[in-house]
Amino acid sequence: MIPQHDFLALTRRHEWQLEPFSYALPNGDAVNVWDTGVLCLEPTSGAGDEPGGRKDIVLSCGIHGNETAPIEICNQLLTRLLSGELQTRHRVLFLFGNPAAMNLGLREVEENMNRLFSGAHSKGEGLCNRERIRAMRLEQYVSRFFADPARPRYHYDLHTAIRGSRHEKFAVYPFPHERPHCREQVQFLGACGVRTILLSGGPTTTFSYYSSHRHGAHAFTVELGKVRPFGENDMTRFLEARQALQELVTQDEMALEPWRADDFTLFAIDRVINKRSEQFRFLFASDVDNFTEFPQGFVLAEDGDQQYRVEKPREAVVFPNANVAIGQRTMLLVVPTRLWE
């Protein structure tokens with residue numbers, strides 16, 4: 001049993017490892033703890049009376065330890081499921097990604113975990129720190145969970161951003177390769193209060209891309225607001241997301257609002273700027289919001305003798321961060337786009 005049904009508290013007491021254990025809830029649902037921060041919940045029956053429900057859903061959070069609102073949202077939902085107040089209709093894997101960074105109140109301990117998936121953990125210096133090993137194990141747990149190719153797969157990797165944003169809540173849609181973008185999934189994000197979508201134009205090493213590319217899951221990196229310490233989040237700002245995630249796991253199917261293209265703002269990721277040297281610096285204010293636009297020709301950054309300018313009308317800056325390792329992304333440059341009318 002999990003004391004007070006609080007899996008996050010148990011996870012934070014065991015930063016890097018927890019021996020697996022299982023038990024059944026009074027309603028018959030199976031609770032399987034695979035590791036610290038890794039809990040698989042399986043209903044005895046689900047949609048269509050199929051054992052385990054019909055969908056396989058991954059809800060991950062805390063890949064960056066200081067992004068606390070999604071951690072609190074997931075733990076509140078999980079606590080209600082473990083207490084029997086709610087009952088899941090589908091298989092759900094809850095992942096609290098980086099407990100050690102949570103306990104430190106930091107984004108990472110040694111390395112940005114959301115750059116370590118799709119095998120990146122074993123490249124370069126290899127499995128040289130615990131975050132790389134943790135990323136490898138999270139991949140393994142997701143692969144274990146998505147073992148049945150006949151079941152629909154979903155992965156929502158929940159985050160908050162370092163800085164403010166002209167669009168407070170937004171999602172990154174991983175590059176789908178030959179698969180079409182899914183309008184229904186964008187509608188679900190809308191139900192979460194997320195109405196700005198970034199369409200990725202190529203492979204990345206993020207957690208959501210791993211699930212999308214490796215397992216064909218509907219997967220997204222979902223940014224729900226700005227980083228705040230534990231206990232300082234205004235949870236009223238997440239009511240739509242909390243309700244939508246609850247309905248996702250406790251209902252056979254969700255009733256989504258009719259499609260209206262004008263309800264959503266879509267951007268294509270046009271350029272990814274990586275850090276080449278320690279000389280890299282931005283030429284705009286350090287507190288600039290995500291989705292800020294600059295005039296065409298404006299010099300955004302310098303990296304030694306290399307300059308990066310605004311090349312297109314309405315090109316905007318997302319995720320600017322100069323304090324990254326050489327070779328890692330310092331910012332995205334995005335432009336408006338449309339998919340469906």
Problem set entry | Glu168, Glu72, Glu232 screened by salt bridge (Lys or Arg N to Asp or Glu O under 4.0 Å) with Arg237, the one that passes | Glu168
Problem set entry | Within 45° cone and under 6.0 Å: Arg91 NZ/CZ vs Phe145 ring |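 Yes, Arg91 and Phe145 form such a contact.
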Exercise. Is Arg134 close enough and on-axis enough to Trp16, meaning under 6.0 Å and within 45°, for cation-pi?
Worked result: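 Judged by the rule, Arg134 and Trp16 form no cation-pi pair.
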Could you check whether [Y] and [X], counting side-chain N and O atoms only, form a donor-acceptor pair closer than 3.5 Å?
{"X": "Tyr154", "Y": "Asp56", "result": "no"}
{"X": "Asn98", "Y": "Glu131", "result": "yes"}
{"X": "Asn233", "Y": "Thr68", "result": "yes"}
{"X": "His90", "Y": "Asp252", "result": "no"}

For this session: Could you tell me whether the side chain of His159 reaches within less than 4.5 Å of the side chain of Thr221, counting heavy atoms only?
Result: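 Yes. Closest side-chain heavy atoms under 4.5 Å.
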Exercise. Would a 4.5 Å heavy-atom cut-off, applied to side chains only, mark Trp259 and Val186 as touching?
Worked result: yes
Over 12 foreign heavy atoms within 6.0 Å of [atom1], [X]:
{"X": "Glu184", "atom1": "CD", "value": "no"}
{"X": "Gln4", "atom1": "CD", "value": "no"}
{"X": "Arg214", "atom1": "CZ", "value": "no"}

Would you please indicate yes or no on a ring centroid separation below 6.0 angstrom for [Y] and [X]?
{"X": "Phe175", "Y": "His177", "result": "yes"}
{"X": "Phe284", "Y": "Phe294", "result": "yes"}
{"X": "His155", "Y": "His218", "result": "no"}

Exercise. Is the backbone N or O of Gly62 less than 3.5 Å from a side-chain atom of Glu67, with the two atoms forming a donor-acceptor pair by type?
Worked result: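 No: the side chain of Glu67 does not pair with the backbone of Gly62.
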Problem set entry | Check ion pair Asp270-Lys312 (N to O, under 4.0 angstrom) |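 The answer is yes: the pair qualifies as a salt bridge.
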Exercise. Looking at Phe319, Phe264, Phe267, Phe220, which one forms a ring-ring contact (aromatic ring centres under 6.0 Å, His included) with Phe170?
Worked result: Phe319
